[in-house]
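Quick note on labels: first sequence line is chain A, next is B, and so on, each numbered from 1.
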Amino acid sequence: MLDLKLIRDDPARVRAGLARRGADGDLDELIAVDSEARSLRGEVEEAKAERKRLSKQIGQMRGKGEDSREVEEAAKRLGDSASHGEARLKGIERRRAEMLLALPNLAEDAAPEGGEDDAVVLREVGEPPRFAFEIRDHVEIGEALGIIDLERAAKVSGARFAYLMGGLVRLQLAVVTFALDRLENAGFTPVIPPVLVRESAMVGTGFFPADRASIYETAADDLFLVGTSEVPLAGLHQEEIVHADVLPLRYAGVSTCFRREAGAAGKDTRGIFRVHQFDKVEMFSFTTPEASADEHQLILGMEEDILQALEIPYRVVDIPIGDLGASAARKFDCEAWMPGQQRYREVTSCSNCTDYQARRLKARFRGSRGTQMLHTLNGTAVALARTLIAIIENHQREDGSVAVPEVLRPFGAPAELAAG
RNA sequence: GGAGAGGUGUCCGAGCGGUCUAAGGAGCGCGACUGGAAAUCGCGUAGGCGGGUUUCCCGCCUCGAGGGUUCAAAUCCCUCCCUCUCCGCCA
């Protein structure tokens, strides 16, 4: 969430920032509620301070055996009026917190204006392959090779689920260990986190209230299935104050991700491009405010490094303000060339959330300037379903088999995906 | 799932209705001693919120979370969460 102090001290700047995202609607009401809360708080605190003084006096009088009944009555009256005001204050402050929680992060100045269609292509890397035969997409190839089974998955679990089988399983596991290997070399600690989390973790990472509809919820236990390991990784240091000298803290989460894809009905229905369940290796960093912009570039660099090693043509896009998640101040996506769709599609994404998540999570550090909020950043190292599509489609051969990138061989990948 | 014990500041830990304005220790910071260092000694050191005469001062809140009792709660009561021990079950 945003810093309430910043909203008070520089409302014009916050208003302008929110207006860029089209989210400045409730700011005036928030400011009004805040000022009401503060003046009421002043009154309540004054009453409590006086009551406290009287209580102390009662203790002393009793110690001396004096009659303290009159003071007790005065203290009680003050206490009653304080708790009355406090009850009212609680309602006002809850309202304030709700409104504050609903505001998205302010975008970096450099983030492009506009919505989904205004993404700025920063660079294209690698050439889309040319095939001397008719291109097949991953569904045709996968079904023919018996490594992707969508029909049976639909019987068992419904639409947007898949069985991955045979050589594709080995390939996926190799991609995971390959990515982990690179990340570990760059200082990321591998983590297998819990994928069922509490509501507080969803609120802390900014997925609630904004994206609640896209999250699976367990009926009996008030737990939520994470759509990304960003959630449990961000929560790793919630309510902690770490020492500045341990920063940056870098983690590489390996987990299954669950997404309801509500609102995506009819979109990307073919194959395993948009599924309810997939595995992902996610980078997550905690840094100082000064270091977060560089860390963002480092994370983006890791993503590109991996795509290049996997010989997947891609482009990098700078995501416009209107398409940022609530927590993000800046976001870059890597889009891989998908021969089956004849266009670039998102395979990884990295966001700098500045102090927005950290403030919700109370994740702080102690440095030379006292205690400050951390900055948090996240980025996809590899999202399995989509990375598998990119590998299959870009490395397909005329006979229907698929060449496997050389870098994956030491990690247990098969030499090729082929029939038989 | 059953029985028991416990959650206190950056960390460890005492306190179990009224000088708690939370002891003591560790760590960290500053200083003294030293050629330098260690050891030792001295001083300082939680967070949040609000206010002010804004290198500082004052107030309120926070002892797992939320309620309650009381003039007064870390301390008593209720609910919930978490951790540990033993038993049961279990990949």
*Looking at A/K48, does any N or O in its side chain come under 4.0 Å of the phosphate oxygens OP1/OP2 on B/rC61?*
yes
*asked:* Going by purine N1 to pyrimidine N3 plus the second Watson-Crick contact, or the G-U wobble pair, all under 3.5 Å, which nucleotide sits opposite B/rG17?
replied: none
*Within the structure, does a side-chain N or O atom of A/K52 lie under 4.0 Å from either OP1 or OP2 of B/rC71?*
no
*Rounded to whole angstrom, note down the C1' distance from B/rC61 over to B/rG13.*
24 Å
_Under 3.5 Å donor-acceptor, A/R360 side chain and A/V203 backbone_ = yes
*Across all strands, who's sitting opposite B/rU54 as a Watson-Crick or G-U wobble pair, both distances under 3.5 Å?*
none
*Could you give the CG-to-P distance, from A/L40 to B/rC49, as a whole number of Å?*
18 Å
*With respect to the phosphate group of B/rC71, does any side-chain polar atom (N or O) of A/R69 fall under 4.0 Å of OP1 or OP2?*
no
*5′-ward residue of the pair A/E46/A/L4 relative to RNA chain B*: A/L4
_Please report the distance separating the P of B/rC41 from the corresponding atom of B/rG24, rounded so that it comes out in whole Å._
15 Å
*A/Q238 CD to B/rC82 C1', straight-line distance once rounded to whole Å*: 13 Å
*asked:* Just the rounded figure in Å: distance from C1' of B/rG48 to CZ of A/R38.
replied: 15 Å
_Looking at A/S55, I'd like to know whether one of its side-chain N or O atoms comes within less than 4.0 Å of OP1 or OP2 on B/rG18._
no
*Does the A/R21 side chain pair with the main chain of A/N105, one donor and one acceptor, at a distance under 3.5 Å?*
yes
*Roughly how far apart, to the nearest Å, are B/rG9 and B/rC87 at atom C1'?*
37 Å
*Is the side chain of A/N394 donor-acceptor paired with the backbone N or O of A/W337 at a distance under 3.5 Å, no angle test?*
yes
_B/rU79 pairs with, by Watson-Crick or G-U criteria that keep both distances under 3.5 Å_ = B/rA65
*A/M373 CE to B/rG47 C1': how many Å, rounded?*
10 Å
*For atom C1', what is the distance between B/rG25 and B/rG15, given to the nearest Å?*
15 Å
*Could you check which of B/rU21, B/rC49, B/rG47 has an atom nearest any side-chain atom of A/K56?*
B/rU21
*Nearest whole angstrom, please: distance from the C1' of B/rC81 to the CG of A/L196.*
17 Å
*When you compare B/rU21 with B/rC63, how far apart are their C1' atoms, in angstrom units rounded to a whole number?*
15 Å
*Please give the nucleotide sitting opposite B/rA32 as a Watson-Crick or G-U wobble pair, both distances under 3.5 Å, or none.*
B/rU40
*Nucleotide B/rA72, atom P - distance to CD of A/E50 in whole Å*: 14 Å
*For atom P, what is the distance between B/rU55 and B/rG67, given to the nearest Å?*
37 Å
*Taking the C1' atom of each, how far is B/rG1 from B/rU75, in whole Å?*
33 Å
*Examine the base of B/rG50 for any acceptor or donor lying under 3.5 Å from a partner atom in the side chain of A/E45, and report the outcome as yes or no.*
no
_Nucleotide forming a Watson-Crick or wobble pair with B/rG4, both distances under 3.5 Å_ = B/rC84
*Between A/A75 and A/R96, just flag the one whose closest nucleotide in RNA chain B comes earlier from the 5' side.*
A/R96
*Starting from C1' on B/rC49, measure out to CG on A/D3 and report it in whole angstrom.*
12 Å
*Check whether NZ of the Lys or CZ of the Arg A/R259 lies under 6.0 Å from the centre of the six-membered ring of A/Y216 and within 45 degrees of that ring's axis.*
no
_Distance, rounded to the nearest Å, where A/E240 contributes CD and B/rG47 contributes C1'_ = 15 Å
*How is A/I58 classified with respect to the nucleic acid when contacts are heavy atoms under 4.0 Å: base, sugar-phosphate, or nothing?*
base
_Taking B/rC82 as the reference, what is the distance to B/rG29 when you measure between their C1' atoms (whole Å, please)?_
34 Å
*Check whether any side-chain N or O of A/S351 sits under 3.5 Å from a backbone N or O of A/C353 as a donor-acceptor pair, and report yes or no.*
no
*Residues A/F365, A/M373; criterion side-chain contact (heavy atoms from CB on, under 4.5 Å); working and verdict*: CA-CA 6 Å; A/F365 73 99; A/M373 292 296 164; over 6 Å; no
*Are OP1 or OP2 of B/rG47 and a side-chain N or O of A/R364 less than 4.0 angstrom apart?*
no
*Under 4.0 Å between a side-chain N or O of A/R366 and OP1 or OP2 of B/rU45?*
no
*Nucleotide forming a Watson-Crick or wobble pair with B/rG24, both distances under 3.5 Å*: B/rC12
*asked:* Under a 4.0 Å threshold between the charged nitrogen and the carboxylate oxygen, would A/D323 count as salt-bridged to A/K331?
replied: no
*asked:* Pairing check on B/rU70: which nucleotide meets the Watson-Crick or G-U wobble criteria with it, both distances under 3.5 Å?
replied: none
*Ring-face cation of A/R250 near A/F188 (centre distance under 6.0 Å, axis angle within 45°)*: yes
*Counting only side-chain N and O atoms of A/R198, is one of them less than 4.0 Å from OP1 or OP2 of B/rC82?*
yes
